[in-house]
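Please read these numbers as outputs of a predicted model, since none were measured by experiment. Reminder, nothing fancy here: chain letters follow the sequence lines and each chain counts from 1.
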Number of protein chains: 2
Amino acid sequence: MNAKKTTQQAPECKEQLIAIKDTMILLSGKWKIQIIGWLLLYGKVRFMDMLRGIEGIAAKMLSKELQELEQNQILARTVMPTKPVTVEYELTEHGKTLSGVIEAVSAWGITHRKFLFKKER
Amino acid sequence: MNAKKTTQQAPECKEQLIAIKDTMILLSGKWKIQIIGWLLLYGKVRFMDMLRGIEGIAAKMLSKELQELEQNQILARTVMPTKPVTVEYELTEHGKTLSGVIEAVSAWGITHRKFLFKKER
DNA sequence: CAACTTAGTTTCATAAAGGAAACCAGTTTC
DNA sequence: GAAACTGGTTTCCTTTATGAAACTAAGTTG
């Protein structure tokens, strides 16, 4: 995983770095990863549940982020024929393949918290 | 990993979701994850190497992102006593614990590319 | 001394992200 | 019918993020 550079030439662009860029284009922003984490934890979720549950998100943002994730086939939107119409969102099979990313991000957050705690004492 | 909601109450806030939020605060932006990916691949890297190698980044951005990552103890900055001063950046031990995240992000980018490819034919 | 290198910083400007609040449409309950 | 609920959309506004280009500072080379 190491390749020292002594010249001033830029190293060739590794596929992994391109893949990182591609992924981050889809997941950038303050809310997308949180939304996906929610769907991984809770399965099918209604719009208002997310709006109330994801602290601080505004309806406009939630709506926009859900649309973008749907366009990228990360999640699916289903309108239910209930009394007041409800809409359910859930991860697609492809969306579920993000679980590795979400879990890694989540695990590191906990690692980082411990790191900060160790330091301050 | 599933907890259906039928009530209108928001589900309690899971630790994992907080951890996701914490992590994304540190890694948000267009460049940070790419920079960390670079340092994981190449070890010690000089400022100008990154500036030339990370496609599209401007000096101001690189400088700012490196400062933020240093403040969060993800990487370390070392001024080398060379002819024209050079500065080396490398991940700290703590920064290296991000490898799981970076690898997951990178791997998913490749998964996603395959998914798109399968669909279009 | 002029020109070039490294490693930035500063300035000026634009683009993208995010948010609060009001509004809309359909349905239901009081 | 008034009020409430679901799931949004629209408007207006503020904050961040990002960028290109010029500029600084110290040392090096021709």
Side-chain angles (χ1 to χ4, degrees), chain A residues 5-11 20-21 24-35 38-39 42 44-72 75-90, chain B residues 4-11 20-21 24-36 38-39 42 44-72 75-90:
Chain A
K5 276 290 141 181
T6 10
T7 77
Q8 297 153 241
Q9 287 305 102
I20 289 171
K21 200 171 180 177
M24 295 319 291
I25 287 170
L26 295 194
L27 301 186
S28 69
K30 194 170 168 181
W31 304 108
K32 291 209 188 71
I33 293 192
Q34 281 186 75
I35 290 171
W38 244 72
L39 294 175
Y42 297 111
K44 284 185 184 164
V45 186
R46 284 180 290 141
F47 186 86
M48 290 306 288
D49 282 344
M50 279 193 265
L51 190 56
R52 296 202 186 94
I54 300 180
E55 202 189 303
I57 198 169
K60 187 186 80 172
M61 270 294 119
L62 182 55
S63 174
K64 201 195 68 179
E65 302 287 64
L66 289 171
Q67 278 172 30
E68 288 178 26
L69 290 170
E70 193 191 351
Q71 276 163 29
N72 288 315
L75 55 78
R77 178 178 178 277
T78 315
V79 179
M80 306 298 283
T82 48
K83 350 14 171 4
V85 176
T86 54
V87 179
E88 285 184 354
Y89 292 90
E90 69 181 319
Chain B
K4 274 284 189 51
K5 277 289 142 183
T6 10
T7 78
Q8 296 151 241
Q9 286 305 102
I20 288 171
K21 201 171 179 177
M24 295 319 292
I25 287 170
L26 295 193
L27 302 185
S28 69
K30 195 170 170 182
W31 304 110
K32 291 206 189 74
I33 293 193
Q34 282 186 75
I35 290 171
I36 296 166
W38 244 72
L39 294 175
Y42 298 112
K44 283 183 185 164
V45 186
R46 285 179 291 140
F47 186 86
M48 289 308 286
D49 281 344
M50 279 193 265
L51 190 58
R52 295 201 186 93
I54 300 180
E55 203 188 304
I57 198 168
K60 189 186 78 172
M61 271 294 118
L62 181 55
S63 175
K64 201 197 65 177
E65 302 287 63
L66 289 171
Q67 279 172 28
E68 287 179 26
L69 291 171
E70 193 191 353
Q71 276 163 28
N72 288 313
L75 54 78
R77 178 179 180 274
T78 315
V79 179
M80 306 298 283
T82 48
K83 351 14 171 7
V85 175
T86 54
V87 179
E88 284 183 352
Y89 291 90
E90 68 181 320

Just how far, in rounded Å, is P of D:dT9 from CD of A:E68?
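It works out to 12 Å between those atoms.
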Please tell me if B:R46 has a side-chain N or O lying less than 4.0 Å from either OP1 or OP2 of C:dT5.
no
Looking only at heavy atoms, which two atoms of A:I54 and A:W38 are closest? And how far apart?
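Reported closest heavy-atom pair: CG1-NE1, 3.6 Å.
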Could you tell me whether B:K60 contacts a base, only the sugar-phosphate backbone, or nothing, with contacts defined as non-hydrogen atoms closer than 4.0 Å?
base
Selection from D:dG8, C:dG8, D:dT6 that lies nearest to any side-chain heavy atom of A:M48
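Of the options given, the side chain of A:M48 lies nearest D:dT6.
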Residue B:K64, side-chain heavy atoms: nucleotide from D:dT18, C:dT6, D:dT6 that is nearest
D:dT18
Is there a side-chain contact between B:L75 and B:I36 (heavy atoms, below 4.5 Å)?
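Heavy-atom side-chain distance check fails, nothing below 4.5 Å.
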Among D:dT6, D:dG8, C:dT9, the one nearest A:R52 by side-chain distance
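Nearest to the side-chain atoms of A:R52, counting from C-beta on, is D:dT6.
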Check every atom of C:dG18, D:dG19, C:dT9 against the side chain of B:S63 and return the nucleotide holding the closest atom.
C:dT9
So do the side chains of A:M24 and B:K30 get within less than 4.5 Å of each other, counting heavy atoms only?
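The answer is no, as the side chains (C-beta and beyond) never meet within the 4.5 Å cut-off.
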What nucleotide among C:dT9, D:dT9, C:dG19 has an atom nearest to a side-chain atom of A:Q67?
D:dT9
When you measure from the side chain of A:Y89, which nucleotide among C:dG8, C:dG18, D:dG8 comes out closest?
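Among C:dG8, C:dG18, D:dG8, the one nearest the side chain of A:Y89 is D:dG8.
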Interatomic distance where NZ belongs to A:K32 and P belongs to C:dA17 [whole Å]:
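Computing the A:K32:NZ to C:dA17:P distance gives 7 Å.
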Base, sugar-phosphate, or nothing for B:E88, non-hydrogen atoms under 4.0 angstrom?
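Nothing, no nucleic acid heavy atom in range.
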Write down the distance between NZ (A:K30) and P (D:dT16), rounded to a whole number of angstrom.
9 Å
Taking the nucleotide of DNA chain C with the closest heavy atom to each, which residue, A:T82 or A:M61, is nearer the 5' end?
A:M61
Calculate the interatomic distance between B:I25 atom CD1 and C:dG18 atom C1'; express it in whole Å.
14 Å
Separation of C:dT9 atom P from B:L62 atom CG, nearest Å, is 10 Å
Would a 4.5 Å heavy-atom cut-off, applied to side chains only, mark A:L66 and A:M50 as touching?
yes
Whole-Å gap separating P (D:dG7) and NZ (A:K44)
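Roughly 14 Å, once rounded to whole Å.
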Taken to the nearest whole Å, CH2/B:W31 to C1'/D:dT16 is 16 Å
Heavy-atom side-chain proximity of A:V87 to A:R77 below 4.5 angstrom
yes
Provide, to the nearest angstrom, the distance between the CE atom belonging to A:M50 and the C1' atom belonging to D:dT6.
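My rounded result for the distance is 13 Å.
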